[in-house]
Amino acid sequence: MPSVLFVCSANQCRSPLAEVILRQLVAGEAPEETWRVASAGTWAIPGLPATDYSQQEARRRGLDLSRHLSQPASCDLLAEFNLVLTMEKQHQHELQTACPAQAGKVHRLSEAVGGEFDIDDPHGGPQAGYRSLGETLASLLEDGLPAIRGLATAGRRPDGA
């Protein structure tokens, strides 16, 4: 079963939105391809909801973040997934350092799909920043779905190793 954990800082904006967008993209796949998709944060306080603007962006896309509750990214949680996709290089470094046994499956989202950039945190900014985030995530996940599928199924690295 393919499994992906998205990780950002607080698990209230970027990673929850990526989680529901990917779930929507893979929802129609065959039952044998059922995906496990979740999100967490490197500095997350457990039990906080997604931000209002993240929830609004999800609703604009026909998605629901109303039941989302933040959770910290622990080594035990990472071990449950074939692929861990971070929003920033700093998140990737923190997780690889803290969880060396899981380091090989931790990648920055943009790198996993052929890019090399951080996905900015819109927290505290205007609603337009969340719309831009939604567009960026949807584009990366749609275009990168074949690569993500391969990594999430086999746990392979983006460079094919």
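This structure is a prediction, so every number in the text was calculated from the model and none was measured. Note that the numbering runs from 1 along the sequence shown for the chain. Only heavy atoms go into these numbers, but all of them, side chains included; no hydrogens, no water, no symmetry mates.
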>> Assess, by modelled atom type and distance only, whether the side chains of D76 and S74 contain a donor and an acceptor separated by less than 3.5 Å.
In response: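 Their side chains do not contain a donor-acceptor pair, so the 3.5 Å distance test is not met.
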Are [X] and [Y] joined in one hydrophobic group, where the rule is that I, L, V, M, F, W and Y side chains link up if heavy atoms are under 4.5 Å apart?
X   : Y    : value
F81 : V7   : yes
V37 : L78  : no
V20 : V26  : yes
L77 : L109 : no
L63 : L85  : yes

Could you tell me which non-hydrogen atom of [X] sits nearest to which non-hydrogen atom of [Y], and how far apart they are?
X   : Y   : result
R14 : E88 : NH1-OE2, 2.7 Å
L95 : A73 : CD2-CB, 4.0 Å
S54 : L65 : O-CD1, 3.7 Å

Please confirm whether the backbone N or O of [Y] pairs with a side-chain atom of [X], one donor and one acceptor, at under 3.5 Å?
X    : Y   : value
N11  : Q71 : yes
Q102 : C75 : no
Q12  : S70 : no
S3   : R36 : no

Would you say the side chain of [Y] lies within less than 4.5 Å of the side chain of [X], judging by non-hydrogen atoms?
X    : Y   : result
H123 : S9  : no
L25  : W35 : no
L17  : E57 : yes

Looking at [Y] and [X], is there a salt bridge between them, counting it only when a charged N and a carboxylate O are closer than 4.0 Å?
X    : Y    : value
K89  : D118 : no
E135 : R60  : yes
E19  : R23  : yes

>> Using the rule given for side-chain contact (heavy atoms from CB on, under 4.5 Å), can you reason through L22 versus L145, listing the C-alpha separation, both sets of side-chain angles and the distance that settles it, and then say yes or no?
In response: CA-CA 9 Å; L22 182 60; L145 187 56; 3.7 Å; yes
>> Test: ring-ring contact (aromatic ring centres under 6.0 Å, His included). Region: residues 39-63. Which pairs qualify, not counting sequence neighbours?
In response: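 The answer is Y53-Y130.
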> Shorter than 2.5 angstrom, is that how the SG atoms of C13 and C8 come out?
Replying inline: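 Their SG atoms do not fall under 2.5 Å; no disulfide, then.
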